[in-house]
Participant: 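Input: one structure, supplied below.
Worth knowing before you read on, the calculation uses all heavy atoms, side chains too, and leaves out hydrogens, waters and symmetry mates. All chains are named by letter (A, B, ...) in the order of the sequence lines, taking the proteins before the strands, and each is independently numbered beginning at 1. Everything numeric here is computed off the predicted structure, so don't read it as measured data.
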Amino acid sequence: MTDNYNHKSIERQIQKKWHEEKRYISQKDNREKYYCLSMFPYPSGKLHMGHVRNYTIGDVISRYKRMKNFNVFQPMGWDAFGLPAENAAIANKINPREWTNKNIENMKTQLQSLGFSYDWSKELRTCDSSYYRWEQLIFKKFYDAGLVYRKKSLVNWDPIDKTVLANEQVIDGKGWRSGAKIEIKEIDQWFIKITEYADELLSSLEDLDWPENVKLMQKNWIGKSFGAEIEYKIIGQKKSLVTFTTRPDTIFGVSFLAISPNHSLAIGLAKKNKKIASFLEKCKETKAAEADVAKGEKLGIDTKIEVIHPLTGKTLPVWIGNFVLLNYGTGVVMAVPGHDERDYKFAKKYNLNIKPVIENDNNKFPNVEKGILINSGKFNGMTSEEASQEIIKELIKLKSGKELIQFRLRDWGISRQRYWGCPIPVIYESEVPKVLNEIDMPIELPKLKANSLPVPLSQNEEFVNIAKDMQRESDTFDTFMDSSWYYARFTSADNDKQIFDENTKYWLPVDLYIGGIEHAILHLLYSRFFHKALRDIGMVDGDEPFKKLLTQGMVLKDGAKMSKSKGNTVDPQQFIDKYGADTVRLYMMFTSPPEQSLEWSESSVEGASRFLKRIWNLVSKRKNIKLEEKLNFTKDQLELRRKSHSTLKKVENDYESRFSFNTAIAAIMELINFIPEKYKENNASNEQKFCLNEAISFSLKMLFPIAPHICEYLWEKFNDSENSSIESSWPLFDMSIIEVKEFELIIQVNGKVRGKVFIEKNMKEDEIKEISIGVENVQKSIGANTIKKVIFVKDKLINFVI
RNA sequence: GGGGAUGUGGUGGAACUGGUAGACACGCUUGGCUUAGAACCAAGUGCCGAAAGGCGUGGGGGUUCGACUCCCUCCAUCCCUACCA
């Protein structure tokens, strides 16, 4: 028997060779470039299955593209700032930087053991000042461009720990560590005007080669809506309340206004009214996350304030509603219970007036469809569309409103009250903020003193207090800032003189970006915004950062996302140790297509391992002999050649345009299964050997992107030469070998398969009909019935309708 | 609450453009090899049925000669929801 497949020594040997050859360090050259980027990881400690899957996909495509003679750039780095480092520091009394660096070291070893072809010479980590100094510069440039401003906004406040909590740190309305009931608090924060780019972020989605569902999610998130801004005068005051609505046609159905509990009017009232004050207190207990606000019980309180309806002149009550979001629209909702689901429920609960003003086929409350206006004075009888236009005209005439385009997208709050993040380069002189100049950068994150735990920078007096009446900004950037431009910095990561350079121009945009579907909105939208803003200040070219996007699904176990809290994680390392990188990579690619979620199953790993062993046993003791004499193939031999070439064609298509690795692997398995036993024997004919060797060569090449170590090792032994690199070229298939004269005709009766028969292509329909009817089983099915109709699909099927 | 997906044998999945449902694997069953096991090899394996045949892609309805694929509706699960990354 042959030597056993020893993945450990093979993988070590091949990886050493790659490293010594510096094979995956990329440089500009004349070939077409291909920048293949996988989302960089947060260094949480060790790789999880999602990482392994993500990075295998990226590596398979990178390796395939290299074989297709593209100049591939595939870098890797670390999204190294963030909350978990602070948590770990507090839990284990480890310095966040040490913790992070240790994790990076470990995860890098893991990535290398998986044989990913990264250009490590461009490695970066966002927690190094060599990275974030440039982020501080970008902030300054954005500030100079008028994209940065300060505004009050809401945070989750833990009154015991005296810290701001992230949404995930609030559990059932309580701080996760202190257990204190959280409070919603308003504080000053830095914002970036992403809304200035709302229209472009929406319109340029169209040209992106991205999955339709991601584009749709972004479109809905940006949420451009056409409607009207309507003003309601407050009785007895000079002020008025302004609302935005997408349905001005329903204005005669307004029965009350609802304002946000955080609206200045509500806060003002609470000062004089105890009931309102206690209602607002109650509202503060719901955490700031939109999902929690929306899912919570709808509560309201009558303010006893009244406004005047601009068209009817009637008075309407003003309520405070906990479902009204301050940061969407104006923080005031005009409630039309007859034609809005939420308003209807609220009106029912608090016994408020419900008045139908739209009529259509669907006559039950609430009727949210458009229709014909009723109970709307002179607008009665108009369609919703007509009425909307006319009502806006009327409001403009009365100076009580205007047409307005509104975006759901809000400006990006980038301040975080934490330690482990990039310091915001601002100082306050007598409380007036001043953004620092490049010469004063970087503002280094202060090191923690030995044995001290991370606390928000605001509590670090040494850092904050520069002089009397001069303080440093103590907030850090949202970590989404760090990840919004790293794709560009990779191209110049080794340049400490400039943020970007001529390599940036060469490599951008990213040709393929691969990452989890969970980033479909935030990260991808922020990065798109950054690119456009960087473009407008002249730092990068092009309108979009990521030309093509591949979103991979979750890795699940027992139907649930693998997570520490559920205790259903599976550590990939044990499988790398036991089966080797090639098997783990093969398993990951074989078990489900990239965009779908993947259900982890250990027994399938066995299957992947078995297949590689079969390849090993087939190839390891065989040599590819050059045959000089002319070969004459039999029909059976040509069948194998046809299988080899058609498999190659299929695999190429699966890699290139479908990213369908599981079917590519299945096809290679089919080809291996298809090889007749006698071709493998020593006394096989030259023709048989040729066909076998062709199948082996193709298989090794086709499998190389997925299982590179074993394929490269076997390729070299098989070809007895180290000069012919497996990576040098992708083979060509021969169409003349693939094409066949015969095909299997499917014969149906009333759409059901009743027979199959092999016939020559290009036969006349009449002939085919005759042959088909002649088939015994078909004859039986037709019986005495007359054939009413014949459906004929060329080279495929014939269907008799009786 | 809103937005986006997914649902096919015992399991992961295939069917790419409306045209053979279940490719390729895992598992299982039987046999071979073996002192035994592992590994490996061979055959079988959607469900019901003795067979003929019928049924079958989350449930219900529709379009079509023909539907996993298109339309309507209901259900279940997952992701995102702006401070997890």
Participant: Taking R416(A) as the fixed residue, which of D478(A), D475(A), T476(A) is the one that meets the side-chain hydrogen bond (donor to acceptor under 3.5 Å, both in side chains) rule?
Facilitator: D478(A)
Participant: Just by protein heavy atoms under 4.0 Å, how would nucleotides 12-20 of chain B read 5' to 3' in B, S and -?
Facilitator: BSSSB--BB
Participant: Between A608(A) and V801(A), just flag the one whose closest nucleotide in RNA chain B comes earlier from the 5' side.
Facilitator: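 Its nucleotide being nearer the 5' end, the pick is A608(A).
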Participant: NZ of K295(A) versus C1' of U81(B): gap in Å, rounded?
Facilitator: 9 Å
Participant: Quick check with a 6.0 Å cut-off and a 45 degree axis cone: is K761(A) positioned over the face of F743(A)'s six-membered ring?
Facilitator: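 No, K761(A) and F743(A) do not form such a contact.
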Participant: Under 4.0 Å, heavy atoms only, any strand: does A520(A) hit a base, just the sugar-phosphate, or nothing?
Facilitator: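 Nothing, no heavy atom under 4.0 Å.
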Participant: Counting only heavy atoms from other residues, nucleotides and ligands, does the tally under 6.0 Å from NZ of K215(A) exceed 12?
Facilitator: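 For K215(A), atom NZ is crowded (more than 12 foreign heavy atoms under 6.0 Å).
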Participant: What's H523(A) touching, base or sugar-phosphate or nothing? Going by heavy atoms closer than 4.0 Å.
Facilitator: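 The residue H523(A) makes no contact with any strand.
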Participant: Sugar-phosphate means primed atoms, P, OP1 and OP2; the rest is base. With that split, encode nucleotides 68-73 of chain B 5' to 3' as B, S or - using protein heavy atoms under 4.0 Å.
Facilitator: ------
Participant: At 4.0 Å (heavy atoms only), tell me whether E670(A) reaches a base, stays on the sugar-phosphate, or touches nothing.
Facilitator: sugar-phosphate
Participant: Check the distance between C65(B)'s P and I782(A)'s CD1 and give it to me in whole angstrom.
Facilitator: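 Rounded to whole Å, this separation is 18 Å.
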Participant: Stem finding on RNA chain B, please: runs of three or more consecutive Watson-Crick or G-U wobble pairs, both distances under 3.5 Å, sorted by first number.
Facilitator: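 Output for stems: B:1-7 with B:75-81, B:10-12 with B:24-26, B:27-32 with B:40-45, B:46-48 with B:53-55, B:58-62 with B:70-74.
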